[in-house]
Colleague: 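Have a look at this one.
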Amino acid sequence: EVQLQASGGGLVQPGGSLRLSCEMFGSTFGDYVIGWVRQAPGKEREAVSCTSSSDDTTTYEDPVKGRFTMSSDNAKKTVYLQMNSLKPEDTAVYYCAVQEGSVCHGFGWRLRTYGMDYWGKGTLVTVSS
């Protein structure tokens, strides 16, 4: 059983930065991926980034490439999402989620097709002047 706790959301002006954290409690039976997923008002949820426990691969979806950086502290079982150069279109509830026995390649497709095994409560990010 895995529980996830995300934090760090808030209100920021366009061009600003925020860092989200996601702490993982419990453990999986094997390899897993942990990803950030966001859902804007009135829109479907979309993948943001993913990191794999098996090979430390990290992937990013096109809308956030070059602006967001995902990192992890294995000792603290925590992953972070550093978000820079934020835009109003980044406004969304951000969730961290885990999928067991998976890889980051095709994370967005896997999210849409299979969903995730564990979800944390979301944290709201609002980018507005």
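What you see is a predicted model; the values in this text were computed from it and never measured.
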Colleague: Only pairs at least two apart or in different chains count here, so list each disulfide bond (SG atoms under 2.5 Å apart) that has a residue in residues 21-53.
Modeller: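 Residue pairs passing disulfide bond (SG atoms under 2.5 Å apart), neighbours aside: Cys22-Cys96, Cys50-Cys104.
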Colleague: Does atom CD of Gln39 have more than 12 heavy-atom neighbours, drawn from other residues, nucleotides or ligands, at distances under 6.0 Å?
Modeller: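 Atom CD in Gln39 is crowded, with more than 12 foreign heavy atoms closer than 6.0 Å.
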Colleague: Which residue pairs pass the salt bridge (charged side-chain N to carboxylate O under 4.0 Å, His left out) test with at least one member in residues 90-119, sequence neighbours excluded?
Modeller: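 Residue pairs with at least one partner in residues 90-119: Arg38-Asp90, Arg67-Asp90.
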Colleague: So, taking the atom named CG in Asp31 and the one named CG in Asp55, what distance separates them when rounded to the nearest 0.5 Å?
Modeller: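 The CG atom of Asp31 sits 8.5 Å away from the CG atom of Asp55.
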Colleague: Show, in sequence, the C-alpha distance, side-chain angles and deciding distance for Asp73 and Tyr80, and conclude whether the side-chain contact (heavy atoms from CB on, under 4.5 Å) test is met.
Modeller: CA-CA 8 Å; Asp73 183 332; Tyr80 304 95; 4.0 Å; yes
Colleague: Main chain of Ser7, side chain of Ser21: is a donor-acceptor contact present, judged purely on distance under 3.5 Å?
Modeller: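 Not confirmed, Ser21 side chain does not pair with Ser7 backbone.
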Colleague: What residues form a salt bridge (charged side-chain N to carboxylate O under 4.0 Å, His left out) with Glu89, not counting sequence neighbours?
Modeller: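 For Glu89 there are no salt bridge (charged side-chain N to carboxylate O under 4.0 Å, His left out) partners, ignoring immediate neighbours.
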Colleague: List for me each residue that meets side chain to side chain contact (heavy atoms under 4.5 Å, CB included) alongside Gln82, sequence neighbours excluded, and say none if there are none.
Modeller: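 For Gln82, the residues satisfying side chain to side chain contact (heavy atoms under 4.5 Å, CB included) (neighbours in sequence not counted) are Ser17, Arg19, Thr69, Asn84.
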Colleague: Once salt bridge (charged side-chain N to carboxylate O under 4.0 Å, His left out) is applied, do any residues pair with Asp62, and if so which ones, sequence neighbours excluded?
Modeller: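 Testing Asp62 for salt bridge (charged side-chain N to carboxylate O under 4.0 Å, His left out), a comparison that skips the adjacent residues, returns Lys65.
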Colleague: Taking all atoms of both residues into account, what is the closest heavy-atom pair of Ala6 and Lys121, and its distance?
Modeller: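 Result for this residue pair: CB-O, 3.6 Å.
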Colleague: Got Phe25 and Gln5 here, is their nearest side-chain heavy-atom distance under 4.5 Å?
Modeller: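 They are in contact (side-chain heavy atoms under 4.5 Å apart), so the answer is yes.
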Colleague: Check step by step if side-chain contact (heavy atoms from CB on, under 4.5 Å) holds for Leu111 and Val37.
Modeller: CA-CA 9 Å; Leu111 169 67; Val37 178; 3.8 Å; yes
Colleague: So Pro88 and Pro14, do their side chains get closer than 4.5 Å, heavy atoms only?
Modeller: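 Counting from C-beta outward, Pro14 and Pro88 do come under 4.5 Å.
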Colleague: Identify the heavy atoms of Gln99 and Gly115 that sit nearest to each other, and give their distance.
Modeller: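 Closest approach of Gln99 to Gly115, heavy atoms only: NE2-O, 2.5 Å.
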Colleague: Does Gly9 offer a backbone N or O that forms a donor-acceptor pair with the side chain of Thr123 under 3.5 Å?
Modeller: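 Pair found, side chain donor or acceptor close to backbone of Gly9.
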Colleague: Between Ser54 and Ser52, do the side chains contain an N or O donor and an N or O acceptor separated by less than 3.5 Å?
Modeller: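 Result is yes, a qualifying pair exists.
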Colleague: With ILVMFWY side chains joined below 4.5 Å, transitively, what does Leu81's cluster contain besides itself?
Modeller: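 Traced through the cluster, Leu81 reaches Val2, Leu4, Val12, Leu18, Leu20, Met24, Tyr32, Ile34, Trp36, Val48, Tyr60, Val64, Phe68, Met70, Val79, Met83, Leu86, Tyr94, Val98, Tyr118, Val125, Val127.
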